[in-house]
Amino acid sequence: MFLSLKEIKKEKFRYGLIIGMIVLIGYLIFILTSLAMGLANQNTDAINSWNINSVALNKDANTSLTQSLITNDNAKNAKLTKNEAYIGQASVVVKKSGLTKESAQFLGLKPNQFIAQNLKLSSGHKIQKTNQVVVDEQFKNDGYQLGDKIKFNSESQNYTIVGFIKNAKLNIAPVVYGNISNWKNIKNLNGPFAASAIVSKNAKFSMKDDQVKTYSISTFISKLPGYSAQNSTFTFMIAFLMIISLIVIAVFLYILTIQKIQNYAVLRAQGIPAKTLVNATISQSVILVVSGLFIATILTGITAFAMPNAVPMSFNIPILSAVGLGLILTGLLGSLIPIKIILNVDPVSVIGG
Amino acid sequence: METLQLININKYFGTGTSRVHVLKDINFTAKKGEVNLVIGPSGSGKSTFLTIAGGLQTPTDGSVQLEGDMLKNMSSKQRDALRLNSIGFVLQSYSLVPYLTVKEQFKLVKKVKKQNNLTNLSLTQLMEKLGIEDLVNKYPGELSGGQNQRVAIARALYTKPDILLADEPTAALDSERVAEVGQIFQDLAREQNTAVIIVTHDLRLINFADNVYKIMDGQMTLENDMKLAQ
Ligand SMILES: Nc1ncnc2c1ncn2[C@@H]1O[C@H](COP(=O)(O)OP(=O)(O)OP(=O)(O)O)[C@@H](O)[C@H]1O
Ligand SMILES: [Mg+2]
């Protein structure tokens, strides 16, 4: 600690540059992680808010809510309890004259089932009748208000916004919760269809119908369009950044150590144990990484504060801490190569003139 | 009393046809309180002799004893401890850590060897004697070659070593300073009962030596007559 701190103090510029590099890498990783989390949440926020454990879909729907239809026949065998609810999904374009059109996910609910009952509104009231909708707050940010009459697609039917709800997003689109009795019209369906899916809080829920298959919530989410691809893209980006930071830290420490070999050899000749020198290198890399990350954290905080709502970012402290910890471990790993050099320093090499 | 003893030391470097015999049947003893000067031309084996005496490298055959302990029986950790506690090294260059001030050079030693160093008072006195008492807050890069060397000497003496090994300690000093440093080595040998061994080609140090050895092509001879010649 003594040696590493003194050296950083003497060589402020040199170590400032290294810390600067780590700040940039850390900041980039933090922001990327937040963006990845933000996007992931926009895929699943609505689903997560329902607290469900299984989803029953048509077995030929390829685990896709959009493709799935459950007929009245299918539904009549199912024993529904208070833990199950119908969902009728339709992709819609929401229109109101004077305001921008918005692509949204219409989800039809039965007002007496648990999803409609448990919606946590930020303003307004729950759906009570047909032709009423509760919409994501994104609409509010875009100028829609309680009581506004909106239309879907090219339909002539008017729907009234009776409530706003926070973080209701599905597949990166805002959700419009409505009455399931409106769903078939919106989706232009003619036929004996009950819903797109039946969701349940019960993981073992089954429809007892061989045309319907029940999926666990994690399978269902991983099959959301684009969700897995998006997540693995981000995971790879973050992993590569980690590897790059490992290389940067290792290379810097390596160069710095090479420059100090002569001094280390003298210190070894004078009987200073290799352990003291190894500790100096390790503590130096920890000091560099931790102070770099500290600054990166402050920058990330400022960014979080300054970012407009439209940018999907989620600053998840536990996950960001884990990423930070990963970077510190990376720094430790990066100091392993120089340590090997220190252990092999030959004190004889500096004596001889 | 003999503190350092080298018995029938031979050192070879390389193998086969490139094998060189650098030290040939060297027998050498150093007593506490005495200054020993080993003089020889470049390439004669002075540094090799000094590093073997200090346990930094091992002889091809023969043995080194410090205070009766055989160096070759020690682990590398024990030899580290021995160098820290009992041996002081003064090298020609690079002796100081560039990013520590003069004061901090001693602090570093104190962090590793916690006890039995010079007291602050005696360190100050030593530094006054060496003319470096005003340099405590300077970095080695801000010192002249001679000032660097004097700090390195103080650094080596700080641990109160039993033996002090110096390789060309006066290379960067002018004649006046050489005389002062020579006197310091002599006083130190006397006052702290230290065995001082200096390898050099600087004949100006001869007057301060109790014993003068000559090393030539790896062979060492006692040449105390050289003192009288000066
Ligand atoms: N590690 C080594 N490998 C091979 N040869 C070596 C090694 N170290 C020293 N030598 C050789 O041993 C001989 C003595 O070297 P040494 O460094 O002891 O000389 P020196 O008397 O200290 O010279 P100088 O006054 O120039 O410092 C030289 O010929 C040198 O080339
Ligand atoms: Mg030499």
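So that the names make sense, note that chain A is the first sequence line, chain B the second, and so on, each numbered from 1.
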Non-hydrogen side-chain atoms of Glu67(B) and Lys32(B) separated by less than 4.5 Å: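 Glu67(B) vs Lys32(B): side chains touch.
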Asp217(B), CG: over 12 other non-hydrogen atoms inside 6.0 angstrom: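 Counting other residues, nucleotides and ligands, CG of Asp217(B) stays at 12 neighbours or fewer.
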Salt-bridge contact Lys107(B)-Glu104(B) (side-chain N to carboxylate O under 4.0 Å):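 Between Glu104(B) and Lys107(B) there is no salt bridge, as every charged N stays at least 4.0 Å from the carboxylate O atoms.
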Pairing of Lys46(B) and Asp167(B) as salt bridge, 4.0 angstrom limit: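 Looking at Lys46(B) and Asp167(B), the cut-off is not met.
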Cation-pi check, Lys10(A) onto Tyr139(B) ring (under 6.0 Å, within 45° of axis):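 Yes, a cation-pi geometry.
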Heavy-atom contact with chain B under 4.5 Å, split by part of Lys275(A):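 Neither part, no heavy atoms under 4.5 Å.
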Chain B interface, residue from Ile8(A), Leu3(A), Leu267(A) that has the most non-hydrogen pairs under 4.5 Å: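 Top count of heavy-atom pairs under 4.5 Å with chain B: Leu3(A).
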Interface moiety of Arg79(B) toward chain A, non-hydrogen atoms closer than 4.5 Å: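 Interface part for Arg79(B): neither.
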Contacting region of Pro161(B) [heavy-atom separation from chain A under 4.5 Å]: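 Nothing of Pro161(B), per the 4.5 Å heavy-atom cut-off to chain A.
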Chain A interface, residue from Leu50(B), Asp80(B), Thr51(B) that has the most non-hydrogen pairs under 4.5 Å: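 Option with the top pair count is Asp80(B).
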Between Thr159(B), Thr48(B), Leu100(B), the one whose heavy-atom pairs under 4.5 Å with chain A are most numerous: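 Of the options given, most contacts go to Leu100(B).
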